Structures are given as structure tokens and as C-alpha cells.
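To start, the structure under review is shown below, and the notes come after it.
In what follows, every heavy atom counts, from backbone to side chain, and hydrogens, waters and symmetry copies are set aside. Note that the structure is a prediction, hence the values are computed from the model and not measured.
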Amino acid sequence: MLKKYLFVLSVFPAFISAQAPSAYYSGTENLAGYALKSKLHDIISTKTYNYHYDDLKTLYGQTDIDRYYDFGADNNTYLLDIYSNNPTGTTAYHYTLDNIIGSGNAEGLGWNREHMMPQSSFNSAYPMYSDLFFVVPTDARINQLRSNYPYGKAGSTTYYTFTNGSKQASNGTPNATYTGRVYEPIDEFKGDVARTLLYFAVRYEGKLGAFNFTTNATDPTKDQNPLDGSEEKAYENWYVAMLLNWHQQDPVSQREIDRNNSVFNIQKNRNPFVDHPEWVGMIWNQTPDNVAPSAPSSLLLARNSAYFVNLVWQASPESDVVGYRIYQDGVLVATSKTNSASVDHLTPGTNYNFTVKAYDSGNLESPQSNTISITTLENDIFAKDLQIVKYLEGTGDNKAYEIANRTGHAVDLEKYKLGIQLKITNYFFAGPSELEGRIENNESFVVINPNANFSCFDISNAKFVSNAPALTFTGTNYVELSYKSTTIDAIGSKGVDNTNANKSLYRKSDVINPNSTFNGDEWTTYASDYCLNLGSLAVNDISNKTLDFNIYPNPVTDVVNINGDVNKAKSAKIYDLTGKLVKEINNPFVNKKSINVASLLPGTYILNVDGKSIKFIKK
């Protein structure tokens, strides 16, 4: 440890703190615990740039040059490998960018790209697959032998000792449930590893529960993936304790600060624990109680539709509640940080039963709420799912999509991905690009290649900027938008060379639903590099764009009066809070702007006019 800090201070006397832009962490004030973690996730996962796995071969020249140990500040040649560097002695070998190899049967033959969180955890999907913060250059042989084993403290049996003193050994980490092999880095880089893995837990919150966190559910001693399935704590208790210990044992170094700044220049996001080491303890040094929260109450239907329902409930009162889990017919289908949620991908005219449970900072789950039974509408005016509305395949790296949400509700993007079919000798699907975040109804977003140069679109306005395979398509490729493993929308056909080269395809305004089978009649074709209105839904593209109404009085006795431009409304439907349709009127407001509800029993109802809903009380 001493050598690191004496050398760094002598070379970089003026740069001893990270350089986050002003207001980068705005909104974190007065937050702690998992609320702080979620806020940091929102900050570091928004407007990021994601690159192709092959791009890392050259990007490491900006992020991982050794100017700290074996070479001085003027070094522009040799890489820093935390698996082989020996800061207290002689490093056995050094690599340039040109020394990359696929594999090696001994140390010192070359380097390759190491996923500090194994790529099997997330099925080699982007943006995880090429995230510079946790994909680093290391000796190929050590990388192979580290395999998918977790990091840990070497135990009684050592299988390999590497040239800088790092080891592959049995797990000797205190209180570990896993008893298999681990890889222990040297003390100099333990903090670097810890802060990287804690970054991973923050950056990919919302996806962690879908990762392969259980590799041996029947025998925890063989479960080598330390993810615990939660979005908040992220790792198993023994692993969290180890990471926090390593974080304290090996404080942030100048090398980490410089690397954080360099990666930020490329990816446009930061590791918050390099900038603010104190946040590690503020998030994970919690002592949860052992009392489960009380059940949410008054679960109600806020809005019914053909393909989704909006639910709302009375929040559980405990202060340590961090979220809610929504169950559909007993199966977990959604989570929410608030007391409301949309559940989508439902089937029209189908009955579902919903319940909600709260969970707290200790991941203890409450009893379930009341059960609400809902039958979805037979049809409505909204799109059944997200839809690709623009596809641009232009000169060079001019590649982009625009994806629209006209479903009638906000959509969680975490389970959506863009895929591409490539061909070497046979056709195959390359690593998909997973989407993330949220898109509001009647909004769209652009996904674009970072090297694109469209005359009518500024890349900084895109929601996703990526050079992953799905954004390197040519007109011959088949590409698709999918939800989980189901194709939602497609451009081209599978298993053939398509003919969309040098074209901009714009979805016709009367086509509101996605199509898993490409149909050229749904698109208008423009010349290469055409990009007019990219990122802007035209007025004709917006569902239910003119319908805006209110009702009075509320509560009502016999007649509901309508205030608003509803003359052209096609239908008015009234539901009770179980989702049962109790009254339906076609073309309801041709000659009047009211509905007689005298026959309804006293209670709470939902009036749905062409897809827009308002709740009212019948006295």
C-alpha cells in the first residue's frame, strides 16, 4: 500500500480527488440507504454511451495505461493489469494493446478482456457485456483460471498462486455459505474490485433479479454466483461484508480517480463510490429489523384496458418499506417503489386476480393485500405494445431506431431488448441490447450508434447511444424488438439476406400496433440518411390526442355530466372496482354530454371514454 500512495502523490500532486461535473449527483442530498442507491442508479444509468465488445481493444488505451506502478506519467504503451501487477516487487511481464490473445496456457503470453462480474450472470447481453467499469484487461491465463468463481479470501487449500501473489483457492471468506473456489486479488487492488462490484449493483438495479443469481439452488455451498436476487442489497450477506471490508482496507487511489474520469469521457457515467467513498457505508451498513411490514390495503383498479391494468393501493405505514411486489394469479409480475403500478402484456377479455405485498430493507415480505379480480376489456384504442416507428440504415455508422409508446400507460423498459441476426457461415443472433428505464405514454425515444452523423439529429438527444451489434446493422440483417423472449416488432425476415440497405423506413401513421412479421406495406421508404422528425412523434401518431374531459358532480346522484370535447367519442363504459363492465353506450355524446347512472347501486365506479378513465362515486 505504501508504494502506491507515495508514488501517486509525487506524480499527481494536484489531482487527489475525482472530477464529477457540477450537479452530476444532484438529488442525492439527505438520502441514505437504498433510497440513495436507487437515486444513484437513476443518475448513472441515464444518457450513457455503450460500445461494442470489440471497441474495448482500443478504448483500454484511454482507460488502462500504467502510469502508477512500473511506468511513469509519460507511459502511453503498457497496460495496467490488476491480476498480474506487482506494486511491491517486480512485475513479471507487461502488455501493449497489440498483445491481446484468445486464451493462454501460461501466464505472460497475452491479455484478454475480463468480466469482473462473469458474463454468464447476464447472458452476455449489452450494455453489461462491454461496460468499461467492470470489463478490464487482464492476463489471459489468470482470466481463464479465475473462470466464473467469485472473489474471496483464500482458504486452506490453494490451487494456483500467480506471479504477483494473487490466488485461486478454496473459499476462506468469513461466514460464507459458498465453499467452492474463489479468486483473491492482492491487497493493492481489493478496494478497486469492491468498488467496481458495488458500482455493478447500482448501475444494473432493476435488472439484477433477472440475472442468473442462483447457479445451484439445492446446495448453497456450490452456488458460486454471489448475487442474491434482490435489486437493493444485490449480494449475499457474506459477499457484502467482504466487499465493505475490502473497500475500507484499500481506499480510493489516484489510479481509480483517473480511470473514473477516463471512463466518464467515454461512457458518460461514473462510479459513484470513487467520487464519494462514504456512500458505500451509507447504503450497505444497515441493520434491518426482523419484523415484516404490514400488508398494503385497499388494492383498487385505477384503470382497465384490453392489454393492461393500472392498480393503486394504500401504502404500508412502516418507514423501512422500500418497495412493493405485484402478483398476478400468484405469480410475481412487477415491482414498484410507489403505491401504484401498471401490469401489462395481458390478454383481452380475460380474468386476472391481483395482490400486492410490501417488502422492507431486510427483504422481509408482508402478508398479501386484498385480492382484486379484474376482467380486461375486449378491445380498446391503444397499441398492444411498443412499436418501432422509424428505422434508419444510412451511410457508414448512420444507424438508428425510434421506438414509440402508444399503449395508454407508462412502460417499464427493463425486459425489452433489441436483437440482430448476423451471418458468418450460418445465421445467428448476436448479443442483444437490453433497454432500461421508463417511457411514458405517447412518447418515443431514439436508439442510435455513437458514430452516427445525421444532419437532422443531435446524438445527445437520444435515450440510448450504443455501438452494440443491434446498432451495427446493415440492410441485409434481420432486427427485432422483443419482450423477454417474445418478438414484438421486426424489420426484415429471419434466415435470409434482407433488402433494406440504404433506406430510412417510417411506419405509416395508421399502423398503431407492432408486427412480429415484417410487412413492407406498413412502411414508407425514404432515401439513405433521411431523418426528418427523428425523435418526434407526429401529431397523427399520438393515440387519443384530442380527448380531454372531466366530469361533474362527483359524487353523483343520477346524472354524470361531461365537460370537454367528447362529441366524437366512440364509446363510454362504466366498470365497478372489480373490473366488471356494468354499463356501455356506443357514440354516447352525439346529442348530449351526460350519462344517466340512476340505475347503479351506491359505490365507486370508473368511467372509461375511448380509453381515458375517471373514477366517480355514485351516492
Side-chain angles (χ1 to χ4, degrees), residues 3-4 7-8 11-12 51-119 124 129-149 151 159-168 183-193 195-197 250 253-263 265-267 271 274 467:
K3 179 178 179 179
K4 174 163 78 172
F7 183 82
V8 167
V11 177
F12 300 101
Y51 288 87
H52 196 285
Y53 187 55
D54 284 345
D55 293 333
L56 304 189
K57 298 175 183 177
T58 55
L59 290 175
Y60 288 142
Q62 300 177 49
T63 61
D64 288 272
I65 297 298
D66 183 3
R67 300 185 176 99
Y68 311 92
Y69 299 101
D70 298 299
F71 304 97
D74 294 332
N75 174 43
N76 290 308
T77 302
Y78 295 103
L79 294 170
L80 173 54
D81 169 13
I82 65 171
Y83 284 5
S84 65
N85 184 273
N86 184 357
T88 60
T90 301
T91 300
Y93 44 84
H94 300 99
Y95 296 129
T96 69
L97 288 173
D98 294 334
N99 298 138
I100 186 169
I101 58 175
S103 61
N105 58 12
E107 278 192 68
L109 299 181
W111 65 274
N112 57 20
R113 292 151 290 185
E114 158 73 318
H115 291 84
M116 297 172 74
M117 174 59 69
Q119 58 181 292
S124 302
Y129 189 47
S130 61
D131 188 330
L132 277 163
F133 276 113
F134 77 97
V135 188
V136 296
T138 64
D139 176 77
R141 178 61 173 168
I142 303 177
N143 186 350
Q144 287 172 240
L145 292 174
R146 188 252 162 156
S147 186
N148 291 338
Y149 299 129
Y151 295 98
Y159 301 102
Y160 297 94
T161 298
F162 302 107
T163 55
N164 76 336
S166 61
K167 298 177 181 179
Q168 188 213 80
Y183 173 75
E184 181 179 7
I186 62 173
D187 290 348
E188 182 80 2
F189 300 114
K190 282 189 167 83
D192 306 52
V193 169
R195 286 178 285 275
T196 296
L197 295 183
D250 175 31
S253 68
Q254 189 65 49
R255 175 255 175 188
E256 287 180 88
I257 291 170
D258 294 342
R259 192 174 195 277
N260 198 21
N261 292 329
S262 297
V263 174
N265 289 336
I266 298 168
Q267 289 189 174
N271 184 337
V274 175
N467 196 31

For this session: Report the C-alpha separation of Y149 and Q168 in whole Å, then their side-chain angles, then the decisive distance to 0.1 Å, and conclude whether the side-chain hydrogen bond (donor to acceptor under 3.5 Å, both in side chains) test is met.
Result: CA-CA 9 Å; Y149 299 129; Q168 188 213 80; 5.0 Å; no
For this session: Evaluate the side chain to side chain contact (heavy atoms under 4.5 Å, CB included) criterion for residues V193 and I82: first the C-alpha distance (whole Å), next the side-chain angles of each, then the deciding distance (0.1 Å), finally the verdict.
Result: CA-CA 9 Å; V193 169; I82 65 171; 4.3 Å; yes
For this session: Kindly indicate, with the supporting measurements, whether the criterion side-chain hydrogen bond (donor to acceptor under 3.5 Å, both in side chains) is fulfilled by N467 and D55.
Result: CA-CA 9 Å; N467 196 31; D55 293 333; 2.7 Å; yes
For this session: Give the intermediate values and the outcome of side-chain hydrogen bond (donor to acceptor under 3.5 Å, both in side chains) for residues T91 and D70.
Result: CA-CA 8 Å; T91 300; D70 298 299; 2.8 Å; yes
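Across every non-hydrogen atom of P118 and N148, the tightest pair is CB-OD1, 3.4 Å. Across all their heavy atoms, S166 and P185 have their closest contact at CB-CA, 4.0 Å. Annotation for N76 and I65: closest pair CA-CG2, 4.0 Å, computed over non-hydrogen atoms.
Taking 4.5 Å as the limit, some side-chain heavy atom of Q267 sits within range of a side-chain heavy atom of F133. Counting heavy atoms from C-beta on, the side chains of Y93 and L109 never come closer than 4.5 Å. The shortest side-chain heavy-atom distance between L132 and L59 falls under the 4.5 Å cut-off. For the pair T138 and W111, the minimum side-chain heavy-atom distance is 4.5 Å or more. Put simply, the side chain of R255 reaches to within 4.5 Å of the side chain of L80, judged on heavy atoms.
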Extract all donor-acceptor atom pairs below 3.5 Å that involve side chains of residues 97-105 and protein atoms in other chains or at least two apart in sequence.
residue	atom	partner	partner atom	Å
N99	OD1	T96	N	2.7
N99	OD1	T96	OG1	3.2

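No side-chain donor-acceptor contact under 3.5 Å links N85 and Y68. There is no side-chain donor-acceptor pair under 3.5 Å between E184 and Y151. If you check the side chains of Q62 and N265, you find no donor sitting under 3.5 Å from an acceptor. Side-chain contact of S84 with D139: a donor-acceptor pair under 3.5 Å is absent, judged by distance alone. The closest side-chain donor-acceptor pair between N143 and N112 falls under 3.5 angstrom. No side-chain donor-acceptor contact under 3.5 Å links R259 and N271.
Under a 3.5 Å cut-off, the side chain of D250 and the backbone N or O of G191 do form a donor-acceptor pair.
Considering CD of E256 and CG of D192, their distance stands at 3.5 Å, rounded to 0.5 Å.
Using bins of under 30°, 30° to 60° and over 60° for the plane-to-plane angle, the ring pair F71/Y78 lands in the parallel bin. A tilted orientation is assigned to the rings of Y183 and Y83, their planes being inclined by 30° to 60°.
With R113 as reference, D54 is the one residue of D54, D131, D64 to meet the salt bridge (charged side-chain N to carboxylate O under 4.0 Å, His left out) rule.
Between H52 and Y129, the distance from one ring center to the other does not fall under 6.0 angstrom. Aromatic ring centres of F189 and Y69: separated by under 6.0 Å.
Under the ring pair (Phe, Tyr, Trp, His ring centres under 6.0 Å) criterion, Y160 pairs with no residue, sequence neighbours left out.
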